[in-house]
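This report refers to the structure that appears directly beneath it.
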4 protein chains.
Amino acid sequence: MTTREEQKNQTRSKILKCAFEVFSKNGFAAPTLDIAKAAGVSHGTIFVHFSTKEDLIIQLVRNFSFKLRSTIIVPLSSPKGIENFLINYMDVIQKNEQFYIRLIGEKDLLPDEARLMFLNLQLSNARSFATIVKLQRNSMKLKNIPSTMMFNTWIGLVHYYLLNKDLFSPKGSVIKKYRDELISTYLELIRVQD
Amino acid sequence: MTTREEQKNQTRSKILKCAFEVFSKNGFAAPTLDIAKAAGVSHGTIFVHFSTKEDLIIQLVRNFSFKLRSTIIVPLSSPKGIENFLINYMDVIQKNEQFYIRLIGEKDLLPDEARLMFLNLQLSNARSFATIVKLQRNSMKLKNIPSTMMFNTWIGLVHYYLLNKDLFSPKGSVIKKYRDELISTYLELIRVQD
Amino acid sequence: MTTREEQKNQTRSKILKCAFEVFSKNGFAAPTLDIAKAAGVSHGTIFVHFSTKEDLIIQLVRNFSFKLRSTIIVPLSSPKGIENFLINYMDVIQKNEQFYIRLIGEKDLLPDEARLMFLNLQLSNARSFATIVKLQRNSMKLKNIPSTMMFNTWIGLVHYYLLNKDLFSPKGSVIKKYRDELISTYLELIRVQD
Amino acid sequence: MTTREEQKNQTRSKILKCAFEVFSKNGFAAPTLDIAKAAGVSHGTIFVHFSTKEDLIIQLVRNFSFKLRSTIIVPLSSPKGIENFLINYMDVIQKNEQFYIRLIGEKDLLPDEARLMFLNLQLSNARSFATIVKLQRNSMKLKNIPSTMMFNTWIGLVHYYLLNKDLFSPKGSVIKKYRDELISTYLELIRVQD
DNA sequence: AATGAATGAGGGTTCATTCAT
DNA sequence: AATGAATGAACCCTCATTCAT
């Protein structure tokens, strides 16, 4: 790669990184100028690398989805498969809590393509979860509920806490604060008592 | 009431009604001009009745909260208290599904006062639910979970379906489509098997 | 005069009175609605009596000029003619200081007709003053200066204090506070020492 | 300075220049759009260079004050100190007569900061004048009047002519026309006859 | 590749004036 | 005569996007 290309890639990365931070903090309605300032580049440079603001958001969500996909480990057969999945899930989200909250909270501001990508990520997670649940049914009595529903209950609970962060944990991370309670509550709900 | 006042109230109501529809359809970022057009009045007329766009939204949310509050019946002591509550809850939401979705999905665009009113409504519902749960514990074995968590699981599940309406039910009402499944799933989760 | 006409005149007077107060306090850019509120009449009523806001202002200035004209006494031949004139002048202005300040300070907001009327008033005063000065020259040595200039110096000094009221007397009346100092200074300036 | 910066400065200067002219001609209530048109730039460009209309006015008054301050020469000890001061004063004002008239006539439309700056300029002039008067008392018999009053009489006289420009000199410069008469009148007033 | 000044289509809000009642 | 709801032109300001350098 030539020096020129390296330079270009660095600028692009810097913009992506700062856009991620600015959008996380101020939402997707944040002006592109703010991103340029944060990245230390000119306003126009953003549009050299991304044809529109929408395009920038798409790339951002693409990267984010990719990162999440690679981080979410799916421990298939295991006596604690579900619990491990939940713990891992929380850990992954916590790392980018703010951005994740924006994604689920400002869904309608997203370009179609971005919305679709994030949706696919969730579907993929749902499928992984379904697989784990199926395997786990052997070693643990679980409520007789479709695995889709089991996943939706879980993600619904988590998203509820995330979207109401200012209510549950105005300062620090919601996930950090409620991680254990959410997991234990959920596990308690899905298991069948002896 | 004189004809004059009636006329005025009609205009005001028309604006409120159209604002409700426009915001439901396009979100709270929709231009006030769109509302004026929908209501068949001039742009300025909106500001005759509502000092600012924020004020308009506040009135809208106030009315909405009031309507919801008066509609949500709380059947206290009853063998099917919880189920009745859930059924009623779904019915109430279904009637104004779109607007409700905007409220939970664009929380950050709301004026503080509106956000607070809607929050209070939810807290009030949470309290009602807690009361019902406590009473129900006599006649039905329930999972050993704090009633707050029980409520949050329920509302998290419902909101998840609402916020992803385009996924679950792009055309018609999400609630109508999933009402029974959501209720039965939830009831199955919280009860203790014999 | 029929009762109806009386009623009409009363409303008209009330509007004029309140317009005078509102304009005095907030300047001629004050909304007509404020005047209607102050007068306890509907917004439209103003335009029943005055075709435009400009017309209202014109009537106001007409009345004001008339009142001032009738109040300014011109003590012709007298050993203290000038001093008496100045004292009287200050008294008259002081009574409607606020409005007077608006007239000289927002001259450009006035309709042409109003500006002209106020101008005529000043010219009339200038003439009166000139007459007095001429008579006084017999009993008192005065600077050898055209009487126009003598008047302009005086009125310039007074207007300067009025226009900078917030500097000289932010709370109370400027004239009240500086009346004597202004008069004595001026008299000292125009007389010839022995 | 790069060509780019030059270009920017030119635009900025052009806006300032045209704003100066438009405000001079139509007063500070003139729409920013008029300024944009006069400067041959788009409406938005104004707000690229000045965050608000108020900011634009502040810069304008700042520049103006600075220019005046640097132009007003204070010939301290001199047998003709006062006269020189007056002559210089008139010359300086004459150069920007229209704008100066707006400043004193629409004081209340100015942003606080601008009003304060202009006020300071006048105070500074008053002080300079006081110093000169003190020195002059040696070589010339002056009326026994506080120097504040002497200054206020002068500035009051000048401002009176400026504010009534349409009366005294509707077409050309008031100052040009009355400069000598104002100065000689004033000098005649303040001196003590032998 | 990067710059950043310039653009211009909106957006919310104000207010003198009109007119049906 | 009085009402006051309705009008709509005008204003200030924002911001994604363009383009000459």
Side-chain angles (χ1 to χ4, degrees), chain A residues 3-12 29-36 41-56, chain B residues 2-12 15 29-34 36 39-56, chain C residues 3-12 29-36 41-54 56, chain D residues 2-12 15 29-34 36 40-56:
Chain A
T3 314
R4 186 98 176 232
E5 276 180 87
E6 274 176 45
Q7 182 68 28
K8 187 177 176 186
N9 278 340
Q10 268 183 26
T11 304
R12 188 188 154 92
T32 49
L33 184 59
D34 286 3
I35 294 165
V41 300
S42 78
H43 197 184
T45 300
I46 290 183
F47 296 91
V48 169
H49 291 270
F50 308 93
S51 60
T52 63
K53 185 183 183 181
E54 294 217 329
D55 183 38
L56 168 59
Chain B
T2 70
T3 314
R4 200 58 172 285
E5 274 179 273
E6 276 175 43
Q7 189 72 25
K8 182 182 181 183
N9 279 341
Q10 267 181 28
T11 304
R12 188 188 152 93
I15 292 172
T32 49
L33 184 58
D34 285 3
V41 299
S42 79
H43 197 186
T45 299
I46 290 187
F47 298 92
V48 169
H49 293 269
F50 306 93
S51 58
T52 61
K53 184 184 181 181
E54 294 218 328
D55 183 39
L56 170 59
Chain C
T3 314
R4 186 100 175 230
E5 277 180 86
E6 276 176 43
Q7 181 69 29
K8 188 177 174 184
N9 278 338
Q10 268 183 28
T11 304
R12 189 187 152 91
T32 49
L33 184 59
D34 285 4
I35 294 165
V41 299
S42 77
H43 197 183
T45 299
I46 290 182
F47 296 89
V48 170
H49 292 269
F50 307 94
S51 59
T52 62
K53 185 184 182 180
E54 295 216 329
L56 169 59
Chain D
T2 69
T3 314
R4 199 59 170 282
E5 274 178 273
E6 275 175 43
Q7 188 72 27
K8 183 182 181 183
N9 279 341
Q10 267 181 29
T11 303
R12 187 187 153 94
I15 292 172
T32 48
L33 184 58
D34 284 3
V41 299
S42 79
H43 196 188
T45 299
I46 290 186
F47 298 93
V48 170
H49 292 268
F50 306 94
S51 58
T52 62
K53 185 185 180 179
E54 294 217 330
D55 183 39
L56 170 58

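In what follows, chains carry the letters A, B, and so on, assigned in the order in which the sequence lines appear, proteins first and then strands, with residues in each chain numbered from 1. Because the structure is a prediction, the values reported are computed rather than measured.
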Just how far, in rounded Å, is [atom2] of [N] from [atom1] of [X]?
{"X": "I46(D)", "N": "dG8(E)", "atom1": "CD1", "atom2": "C1'", "value": "13 Å"}
{"X": "Q10(B)", "N": "dA6(F)", "atom1": "CD", "atom2": "C1'", "value": "14 Å"}
{"X": "K8(B)", "N": "dT7(F)", "atom1": "NZ", "atom2": "P", "value": "14 Å"}
{"X": "E6(D)", "N": "dA5(E)", "atom1": "CD", "atom2": "P", "value": "14 Å"}
{"X": "Q7(B)", "N": "dT3(F)", "atom1": "CD", "atom2": "C1'", "value": "14 Å"}
{"X": "E5(D)", "N": "dA6(E)", "atom1": "CD", "atom2": "C1'", "value": "16 Å"}
{"X": "H49(A)", "N": "dA1(E)", "atom1": "NE2", "atom2": "P", "value": "7 Å"}

#### Entry: Minimum heavy-atom distance I46(B)-A36(B), with the two atoms named
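Result for this residue pair: CD1-N, 3.6 Å.
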### Task
Indicate the atoms forming the closest heavy-atom contact of H43(B) with L33(B), along with that distance.
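Heavy atoms only, the tightest pair is NE2-N, 3.6 Å.
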[X] [atom1] to [Y] [atom2] distance, which is reported to the nearest 0.5 Å:
{"X": "K8(C)", "Y": "E5(C)", "atom1": "NZ", "atom2": "CD", "answer": "8.0 Å"}
{"X": "E54(B)", "Y": "L56(B)", "atom1": "CD", "atom2": "CG", "answer": "10.5 Å"}
{"X": "R12(C)", "Y": "T45(C)", "atom1": "CZ", "atom2": "OG1", "answer": "13.5 Å"}

### Message
Across nucleotides 11-21 of chain E, 5' to 3', mark each nucleotide with B, S or - according to how protein heavy atoms within less than 4.0 Å reach it.
### Response
SBBB-BBB-B-
### Task
Please tell me which of R12(C) and I15(B) maps to the more 5' nucleotide of DNA chain F, matching each residue to the nucleotide holding its nearest heavy atom.
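The 5'-side residue here is R12(C).
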### Query
Dot-bracket for DNA chain E: what is it, with Watson-Crick or G-U pairs under 3.5 Å, [ ] where a pair crosses earlier ones, and | for a pair to another strand?
.||||||||||||||||||||
#### Entry: Close side-chain approach of V48(B) to T11(B), heavy-atom, < 4.5 Å
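Of all side-chain heavy-atom pairs linking T11(B) with V48(B), none is under 4.5 Å.
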### Task
Would you mind reporting whether T32(B) and F50(B) have side-chain heavy atoms less than 4.5 Å apart?
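Heavy-atom side-chain distance check fails, nothing below 4.5 Å.
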